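Notes follow the structure.
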2 protein chains.
Amino acid sequence: MSLKEYIQRYINLSEEEYTLFLSYLETQSFAPGAKLLAYEERCQSRFYIKKGCVRMYGYTEKGKEQIYHFGIDNWWISNYESLLNDTPSHLVIEAIEPTEVYCLTSEKFEELCLKIPKIERLFRMIMERAYMAFQKRLEFLFSLSSEEQYRHFIEANAAFTQRVPQYMLASYLGVTPEFISKIRSKM
Amino acid sequence: MSLKEYIQRYINLSEEEYTLFLSYLETQSFAPGAKLLAYEERCQSRFYIKKGCVRMYGYTEKGKEQIYHFGIDNWWISNYESLLNDTPSHLVIEAIEPTEVYCLTSEKFEELCLKIPKIERLFRMIMERAYMAFQKRLEFLFSLSSEEQYRHFIEANAAFTQRVPQYMLASYLGVTPEFISKIRSKM
DNA sequence: GAATATTCTTAATCTAGATTAAGAAGCAAA
DNA sequence: TTTGCTTCTTAATCTAGATTAAGAATATTC
């Protein structure tokens with residue numbers, strides 16, 4: 001799915017408007033391990049992942065990496081705390097696979113919204129969907145055991161499970177790699 | 001803080017626009033225990049809490065109530081899964097205190113956005129803030145022990161802690177009331 | 001103000017999942 | 001084809017927080 005198709009699911013843009021939209025975006029490429037957003041950097045952009053896979057992680061009190069999000073093709077990702085408050089980010093966004101993104105800076109975003117007000121609607125809807133997904137994730141987190149969460153995740157994201165190493169999945173689910181190993185040996 | 005003041009933090013509305021806005025809202029009152037959204041009901045509205053306190057909860061596999069959210073004065077609350085997909089809600093929104101809300105139905109919301117396009121911007125920003133708060137909550141959930149989460153919560157929401165019974169707080173934090181009791185006896 | 005229902009506390013026991021430690025696979029470089 | 005990384009597995013031990021079961025406060029109702 002192209003960005004154009006993605007957008008059309010929410011709003012209609014004319015050919016000219018879409019071209020204008022694209023002119024506000026900057027294409028960037030990242031090799032595995034490269035950072036879209038570094039630790040302590042101020043997040044200035046919303047990223048749209050054209051192709052690839054990224055993880056967003058922070059650090060626990062004991063200094064261990066904790067993954068909070070993954071992003072794949074056709075997802076928007078950003079650290080909203082840093083973006084909205086203009087504070088240094090305690091979260092890192094890092095490519096796992098070779099990744100190509102559109103980068104929309106806050107500055108460009110504001111200009112774009114003035115030129116094409118419908119863009120506000122687009123992002124209002126995107127944020128509602130993202131919020132919904134979060135609400136759903138919280139439900140699973142609280143109502144399922146770790147084992148059930150794992151089973152549910154790999155079932156709902158079969159393809160995705162192949163793309164990230166198991167220890168990252170463990171981190172995302174909030175369990176240890178050893179525990180995942182234990183569940184898998186039972187299956 | 002009035003709704004008008006709340007809105008002005010995000011966008012500017014003229015006196016006429018604000019009056020128009022209000023005309024799309026319906027005021028509703030709920031006694032403690034009354035439901036803003038019932039189990040299996042399709043969620044049709046976004047609720048703005050003028051005054052009061054509500055909880056949003058679902059059920060775990062064992063049939064136990066699990067609280068996912070609280071809402072107090074000047075918060076918007078809704079079940080976005082049910083609202084956006086028009087599906088029966090598995091979450092209940094229920095008043096804890098006598099509560100007065102503005103109810104904005106999806107139908108009225110769409111009309112309103114056509115009349116005053118700035119409203120899209122308002123809700124885009126509200127959703128971003130809500131998403132940010134969620135992102136933050138997930139960070140605490142994964143990086144702090146249950147005890148630390150409790151201590152952090154009552155420190156950050158001292159006033160709020162007085163307003164809900166302890167067993168609801170326990171449910172919201174994902175622990176047992178007995179465990180909260182244990183922590184408190186240490187303090 | 002006695003009766004009843006709610007909420008909170010204490011303490012003993014239990015368990016899901018963490019921690020620790022070792023080694024086994026897989027994979028890349030040289 | 002060996003050396004050195006990175007990832008995954010197995011198994012023993014440990015622990016934060018759950019469960020169970022009483023009882024003690026606190027509200028609420030009649």
Side-chain angles (χ1 to χ4, degrees), chain A residues 31-34 53 55 57-68 70 92 94-98 138 140-154 158 160-187, chain B residues 31-34 53 55 57-68 70 94-98 138 140-154 157-158 160-187:
Chain A
C53 185
R55 67 187 177 123
Y57 64 90
Y59 296 94
T60 64
E61 308 220 309
K62 290 158 207 146
K64 209 187 60 183
E65 283 179 8
Q66 171 62 51
I67 298 176
Y68 296 112
F70 291 113
V92 175
E94 187 180 292
I96 298 176
E97 301 174 358
L138 196 69
F140 286 127
L141 216 48
F142 277 126
S143 65
L144 302 182
S145 69
S146 293
E147 179 166 347
E148 287 166 327
Q149 280 177 59
Y150 173 74
R151 288 176 193 277
H152 178 271
F153 185 91
I154 57 166
F160 182 74
T161 309
Q162 317 305 110
R163 292 171 70 170
V164 306
Q166 242 161 72
Y167 74 92
M168 286 192 188
L169 230 169
S171 171
Y172 174 82
L173 293 173
V175 300
T176 57
E178 289 85 353
F179 185 62
I180 299 262
S181 226
K182 202 161 152 188
I183 298 169
R184 280 170 59 86
S185 74
K186 285 199 291 186
M187 290 165 74
Chain B
C53 185
R55 67 187 177 124
Y57 64 91
Y59 296 94
T60 65
E61 309 220 308
K62 289 158 209 144
K64 208 187 60 184
E65 283 180 8
Q66 171 63 52
I67 297 176
Y68 296 111
F70 290 113
E94 185 180 295
I96 299 175
E97 299 173 1
L138 196 69
F140 286 126
L141 216 50
F142 277 126
S143 65
L144 302 182
S145 68
S146 293
E147 178 165 348
E148 288 167 327
Q149 281 177 56
Y150 173 73
R151 289 176 192 278
H152 178 272
F153 184 90
I154 57 166
N157 307 280
F160 183 74
T161 309
Q162 318 305 110
R163 293 171 69 171
V164 306
Q166 241 160 74
Y167 73 92
M168 286 193 188
L169 230 170
S171 172
Y172 174 82
L173 292 173
V175 299
T176 57
E178 290 86 351
F179 185 62
I180 299 262
S181 225
K182 202 161 153 188
I183 298 170
R184 280 170 59 87
S185 73
K186 286 200 290 186
M187 290 166 73

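Chain letters run A, B, ... following the sequence lines, proteins first and then strands; every chain starts at 1. Just so it is clear, the structure is predicted and the values come from calculations on it, not from any experiment.
- Taking atom OH of residue A:Tyr167 and atom P of nucleotide C:dA18, one finds them 18 Å apart after rounding to whole Å.
- Between B:Phe70 and B:Tyr172, the ring planes lie tilted relative to each other; the angle falls in the 30° to 60° range.
- Residues A:Val164 and A:Ile67 form no side-chain contact, since every pair of their non-hydrogen atoms from C-beta on lies 4.5 Å or further apart.
- At whole-Å resolution of the value, NZ in B:Lys182 and P in D:dT20 are 15 Å apart.
- Counting only heavy atoms from C-beta outward, the side chains of A:Tyr57 and A:Ser171 never approach each other to under 4.5 Å.
- Regarding contacts with the backbone of D:dA16, every side-chain N or O of B:Ser146 stays at 4.0 angstrom or more from both OP1 and OP2.
- Contacts between residues 172-181 of chain B and DNA chain C, defined by a heavy-atom separation below 4.0 Å, involve B:Glu178, B:Ser181, listed by number.
- Taking the six-membered ring for Trp and thresholds of 30 and 60 degrees, A:Phe153 and A:Phe160 have ring planes more than 60 degrees apart, a perpendicular arrangement.
- Atoms CZ (A:Arg184) and P (D:dA11) sit 16 Å apart, rounded to a whole Å.
- For the pair B:Leu169 CG and C:dT6 P, the computed distance is 20 Å after rounding to whole Å.
- For the pair A:Arg151/A:Ile183, a side-chain contact is recorded, criterion being any heavy-atom separation below 4.5 Å from C-beta on.
- Proximity note for B:Pro165 (side chain, C-beta onward) versus C:dC8, D:dG17, D:dC8: the nearest is C:dC8.
- Between A:Lys182 and A:Glu178, none of the side-chain N atoms (NZ, or NE/NH1/NH2) sits under 4.0 Å from a carboxylate O, so this pair counts as no salt bridge.
- In the helix from C:dG1-D:dC30 to C:dA30-D:dT1, the terminal helix axes, each the rotation mapping four pairs' C1' atoms onto the next four within five end pairs, subtend 50°, rounded to 10°.
- As rounded to whole Å, 10 Å separates atom P of D:dA16 from atom CD of B:Glu147.
- We find that CD of B:Glu148 is positioned 11 Å from P of D:dA16, with the value rounded to whole Å.
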Begin with the C-alpha distance, continue with both residues' side-chain angles, and end with the deciding distance and a verdict on side chain to side chain contact (heavy atoms under 4.5 Å, CB included) for A:Gln66 and B:Ser143. CA-CA 8 Å; A:Gln66 171 62 51; B:Ser143 65; 5.7 Å; no
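- The side chain of B:Gln166 places no N or O atom within less than 4.0 Å of a non-bridging phosphate oxygen (OP1 or OP2) of C:dT6.
- Distance A:Leu144 CG to C:dA16 C1': 15 Å, rounded to the nearest Å.
- One can place CD1 of B:Ile96 at 14 Å from C1' of C:dT7, the figure rounded to the nearest angstrom.
- Counting heavy atoms from C-beta outward, B:Lys64 and B:Tyr59 have side chains that stay 4.5 Å or more apart.
- The distance from the OH atom of A:Tyr150 to the OG1 atom of A:Thr161 is 7.0 Å, given to the nearest 0.5 Å.
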